[in-house]
Amino acid sequence: MELSELLKPQAVKVFAKLTSKKRLFQDLGEIASACYGLEINSAVNALQERENLGPTGVGDGVALPHARIEGLDRVVGAFLRLDTPLDFDAVDRQPVDLIFALFAPAESGVDHLKALALVSRTMRNAATCTKLRSNTDAATLHAILTSGPTTKAA
């Protein structure tokens, strides 16, 4: 599994500012709908339900919201880079500016976990995050995410 299999170029966006987690999840739902055909409300509700179990802000300005969705046939992703970091109740209490969301089939099991581990490894790489933060072009961000040794699955 590689990030290029999970993330369409059209699912990478740059936003100047988002006002809330609710707005973030709405935008992620809209991206998932446009790129992967997911029903917006199902995607938004699934992200919110997962977030209610505990925040997915993993620290160092990174959030990895994820959800399982009925009717989805494979794991897919969306990436947002924010110019202005958003308060996300992250584990280190720092706002987030890099968000990589995953949507997985309801019964995906190990594929969901592999995808989450892959994204987590990629987003823990300080050099990758530095490159992501220093670029504002969506195509460049997609290229950074989908190239390099950090995209190899375990």
Side-chain angles (χ1 to χ4, degrees), residues 1-15 17-82 85-125 128-129 132 138 141-154:
M1 180 181 298
E2 295 190 17
L3 285 182
S4 60
E5 299 170 31
L6 304 175
L7 185 65
K8 286 185 175 182
Q10 307 90 322
V12 176
K13 304 286 183 191
V14 176
F15 286 105
K17 182 177 182 175
L18 292 175
T19 55
S20 67
K21 238 193 247 194
K22 183 177 181 179
R23 180 72 242 174
L24 169 69
F25 291 161
Q26 182 68 35
D27 287 336
L28 288 169
E30 290 170 8
I31 292 167
S33 175
C35 293
Y36 306 110
L38 297 180
E39 200 280 317
I40 293 174
N41 289 332
S42 295
V44 172
N45 291 339
L47 287 171
Q48 188 61 56
E49 286 173 18
R50 168 55 190 88
E51 197 69 21
N52 289 341
L53 298 175
T56 55
V58 297
D60 296 322
V62 174
L64 305 176
H66 52 280
R68 293 177 190 257
I69 310 271
E70 290 289 339
L72 192 57
D73 64 351
R74 66 185 181 94
V75 181
V76 296
F79 177 82
L80 297 181
R81 180 195 172 282
L82 306 178
L86 172 69
D87 182 24
F88 204 84
D89 300 320
V91 295
D92 63 357
R93 302 195 190 291
Q94 297 301 308
V96 301
D97 61 343
L98 302 175
I99 299 105
F100 200 123
L102 286 175
F103 300 93
E107 306 301 323
S108 64
V110 77
D111 285 342
H112 180 182
L113 296 177
K114 283 182 179 180
L116 193 54
L118 172 61
V119 170
S120 179
R121 276 194 309 278
T122 301
M123 299 307 295
R124 276 195 321 252
N125 183 296
T128 298
C129 288
L132 292 169
L141 296 173
H142 183 265
I144 292 166
L145 287 165
T146 59
S147 64
T150 59
T151 61
K152 300 299 181 203

Sorted by first residue and then second, give each salt bridge (charged side-chain N to carboxylate O under 4.0 Å, His left out) pair with at least one member in residues 44-70; sequence neighbours left out.
-> K21-E51
Restricting to pairs with a member in residues 22-35, which pass salt bridge (charged side-chain N to carboxylate O under 4.0 Å, His left out), not counting sequence neighbours?
-> R23-D27, R23-E30
At their closest point, which heavy atom of [X] faces which heavy atom of [Y], and how far apart are they?
X	Y	answer
V96	A90	CG1-CB, 4.4 Å
I40	S33	CG1-CB, 3.4 Å
L18	L86	O-CD1, 3.5 Å
L145	M123	CD2-SD, 4.0 Å
N125	T128	OD1-N, 2.8 Å
A43	G29	CB-CA, 4.0 Å

Residues in side-chain contact (heavy atoms from CB on, under 4.5 Å) with [X], at least two apart?
X	result
A78	A11, L28, I31
V91	none
A115	M1, L6, V75, L102

Sequence neighbours excluded, the answer for ring pair (Phe, Tyr, Trp, His ring centres under 6.0 Å) partners of H66 is H112
Among pairs that include at least one residue of residues 89-103, which meet side chain to side chain donor-acceptor pair (under 3.5 Å), considering only residues two or more places apart or in two chains?
-> D97-R133
Which residue pairs pass the ring-ring contact (aromatic ring centres under 6.0 Å, His included) test with at least one member in residues 17-55, sequence neighbours excluded?
-> none
Taking the side chain as every heavy atom from C-beta outward, state whether [X] and [Y] have any pair of such atoms under 4.5 Å apart.
X	Y	answer
L7	H142	yes
F100	V62	no
R81	L98	yes

How many angstroms lie between [atom1] in [X] and [atom2] in [Y], if you round to the nearest 0.5 Å?
X	Y	atom1	atom2	answer
R74	L72	CZ	CG	8.0 Å
I144	T122	CD1	OG1	12.5 Å
K13	I99	NZ	CD1	14.5 Å

[X]: what forms a side-chain hydrogen bond (donor to acceptor under 3.5 Å, both in side chains) with it, not counting sequence neighbours?
X	result
D73	none
R124	S120
E39	S42

